[in-house]
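Sequence lines set the chain letters: A, B, ... in the order given, protein chains first and strands last, and positions in each chain run from 1.
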Number of protein chains: 4
Amino acid sequence: MKKKTGDPKQRLLDTATTLFYNQGYHATGINQVIEEAGVARASLYLHYESKESLLLAFLNQRHIDWMAGLKSFTDEASKPKDKIAAAFDFLSDNNEREHFRGCAFLNILSETTEKDTAVLTVIQDHKKDLRAFLGEILTNEKQLIKDHVYLLFESAIVESQLYRNQWPVQEARKMALGLL
Amino acid sequence: MKKKTGDPKQRLLDTATTLFYNQGYHATGINQVIEEAGVARASLYLHYESKESLLLAFLNQRHIDWMAGLKSFTDEASKPKDKIAAAFDFLSDNNEREHFRGCAFLNILSETTEKDTAVLTVIQDHKKDLRAFLGEILTNEKQLIKDHVYLLFESAIVESQLYRNQWPVQEARKMALGLL
Amino acid sequence: MKKKTGDPKQRLLDTATTLFYNQGYHATGINQVIEEAGVARASLYLHYESKESLLLAFLNQRHIDWMAGLKSFTDEASKPKDKIAAAFDFLSDNNEREHFRGCAFLNILSETTEKDTAVLTVIQDHKKDLRAFLGEILTNEKQLIKDHVYLLFESAIVESQLYRNQWPVQEARKMALGLL
Amino acid sequence: MKKKTGDPKQRLLDTATTLFYNQGYHATGINQVIEEAGVARASLYLHYESKESLLLAFLNQRHIDWMAGLKSFTDEASKPKDKIAAAFDFLSDNNEREHFRGCAFLNILSETTEKDTAVLTVIQDHKKDLRAFLGEILTNEKQLIKDHVYLLFESAIVESQLYRNQWPVQEARKMALGLL
DNA sequence: AATGAATGAGTATTCATTCAT
DNA sequence: AATGAATGAATACTCATTCAT
């Protein structure tokens, strides 16, 4: 029993966010969630139908927060090229703050089977939104350039998680800007 | 109890390969492994000292097989550019055969914590080998081009897993070849 | 699933008491405890955090009960010498009721390693209490006499367990009374 | 795999001796025995019918060695009283050498059920031999004195194990000598 | 809205023993 | 005489979920 501020539902979501993201979904037990949230076991099921529904809540919230973070970085720039640079800087920033745990959605994707359609959909929707977001910045570019930037952006996340190092972000940033 | 051919150690590795790759590591229980391998519970621990050591055996074997598969594709071509094209074709082929389950190493990476150093090392070594392999094909290119191809290659795997679709491989292939 | 009366926590403790005392700690599996207590496996861990903590609960309860039994015997007498005689009679009574299983604490001590500090402490504390209890009865005797009685008392327990016979209690009783 | 000198049968016995005595019988697994003896699993069953028969071999050997050790101490003295003193000194010596693990036979007794008749018999025979040995030293004393010394001797072992301290041996020695 | 108690099925791992060589 | 492989049953413990209050 650790956290005690905020309402139980929020505490559960916050705790699940930390644990699912840092340990993985299957490696995180409900016990640990309720214990660290400081909430009774049954209270979890009062607010969330199941462990999976807590996972979905986590992913949905993460989507909102992450996209907002990205937007706040790109909003600082005005020209498309600068916005793209800012987007990569957002990744650097994330890596520092979150110790190179990579993309929450891709991580969960790895634990996801064809059967988990609800989860898969949330993940795909997140990435579609990201792809669209980058595409809108590069509205005057051809589709292949848009996707090229998107794919570099994705590798930057994955590879910096893999190597626990910022070089993939920095290199991918340089490559992406070189395309524009 | 399903499989019955080959020696138990190999059957265990084969079964673990299938299950860890398709369901994830934590989602796969030892019970399922031994049952589908048709082997007694204790026999698993006769050959592998722990579940994690079975995971390592899987990753090590996968590394060998996957690199061999990649090499057999690139060996078909002679010019660097054609070899890179063949490398992407290998990914397409994998996606078809393995139903878009993506990269075994990156999937396990998602379930891996800073503590699992042995696992993390195997994963990183695999990717370093892949990066070196591509780098050698592009021996006359600058480092940034080499890495550019590598990063596109990586996103091609991840994104086709994500969308359950070949388009990321095909687009990344086109982008990569355009760089050369 | 046998017992069904009383709350689960008490049933578990009662069952553990019987089994740990009569079969030994390591020879008793959690399965047998829950089965004979008529309780679900997880319920054990709801009330006791581990098998060792159940052992500690058993020892603590045993200490209370055993000391109470001893006191109820000695309270029947008024003179020190008679109280000591009554103390040995308590041992005879125990041997009959408990089929010469000896001292719960010394039995567990045999299964205890230097590492099990919590268990060792409970055992030592029990014996210190017993030694002090006898010492208070013999408040006017010299320390060596007090300890002499204590040591005879201890052998009486151990040796009657060993021989499955009351003679050590009866002889030790005679020797102890002879000292006073 | 540790030990490598002596024949396998002896190595097994030596290892079992150490482990059964220091950890207890049930707490010691066959795996640990064969591993530390440096012997194949099946070799154990070649020389010993079962784990219990290895236990019996240990107890029988221990009886011989222990009685020999005791005799070598008492043989140093000529008068009965001095021999008894020497017997207690043997206990002190044991405690030092064996880190207060107490009596191998009484320890195993604690793990023994009414059913284990073979084991129980070996234990009882050992103690009967010890009692007779002390009785012969005190051949001119009355039976009650003989047993008195025997009982003090027994508590000295048990209580020094319990407190991890030599005081019970020293006090019991003094008491015993006072009786003669 | 919130909780403590309860559970059946599952976790990874080890048990003592046997068998084919 | 000696061993490596194999096993069915058990080990202590945790899982996600439900229920009565």
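Here the P atom of nucleotide F/dG4 and the CG atom of D/L44 are 14 Å apart, to the nearest Å. We find that NZ of D/K9 is positioned 10 Å from P of F/dA1, with the value rounded to whole Å. For the pair A/R11 CZ and E/dT3 C1', the interatomic distance rounds to 13 Å; values are reported in whole Å. In this structure, NE2 of D/H47 is placed 11 Å from C1' of F/dT3, rounded to the nearest angstrom. One atom, CG of A/L12, and another, C1' of F/dA16, lie 14 Å apart when rounded to the nearest Å. A/Y48 has its OH atom 17 Å from the C1' atom of F/dA16, to the nearest Å. Here F/dT11 presents its C1' atom at 16 Å from CD of C/E35, a figure rounded to the nearest Å.
With a cut-off of 3.5 Å on both pairing distances, the Watson-Crick or G-U wobble partner of E/dC19 is F/dG4. Nucleotide F/dT11 forms a pair with E/dA12, judged by Watson-Crick or G-U wobble geometry with both contacts under 3.5 Å.
Judged by distance alone, the side chains of B/E98 and B/N22 never bring a donor and an acceptor atom under 3.5 Å apart. Side-chain atoms of B/E36 and B/T15 include no donor-acceptor pair closer than 3.5 Å.
Closest approach of A/G102 and A/N107 over heavy atoms only: C-ND2, 4.3 Å. In this structure, C/K127 and C/C103 approach most closely via the heavy-atom pair NZ-SG, 3.2 Å.
At least one donor-acceptor pair closer than 3.5 Å links the side chain of B/Y48 to the backbone N or O of B/K9.
Considering only side-chain N and O atoms, B/S43 lies nowhere under 4.0 angstrom from the phosphate OP1 or OP2 of F/dA5.
Ring geometry, C/F105 versus C/H126: the interplanar angle falls under 30°, so the pair is classed parallel (tilted spans 30 to 60°).
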Counting primed atoms, P, OP1 and OP2 as sugar-phosphate and everything else as base, the B/S/- map of nucleotides 16-21 of chain E against protein heavy atoms under 4.0 Å is BBBB--
Walk me through whether A/E114 and B/R164 qualify under salt bridge (Lys or Arg N to Asp or Glu O under 4.0 Å).
CA-CA 10 Å; A/E114 220 60 63; B/R164 263 68 171 165; 3.2 Å; yes
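Of all nucleotides listed (F/dG8, F/dA2, E/dA2), F/dA2 comes nearest to the side chain of D/P8. The side chain of B/L46 lies closest to F/dA5 when the candidates are F/dG4, E/dT3, F/dA5.
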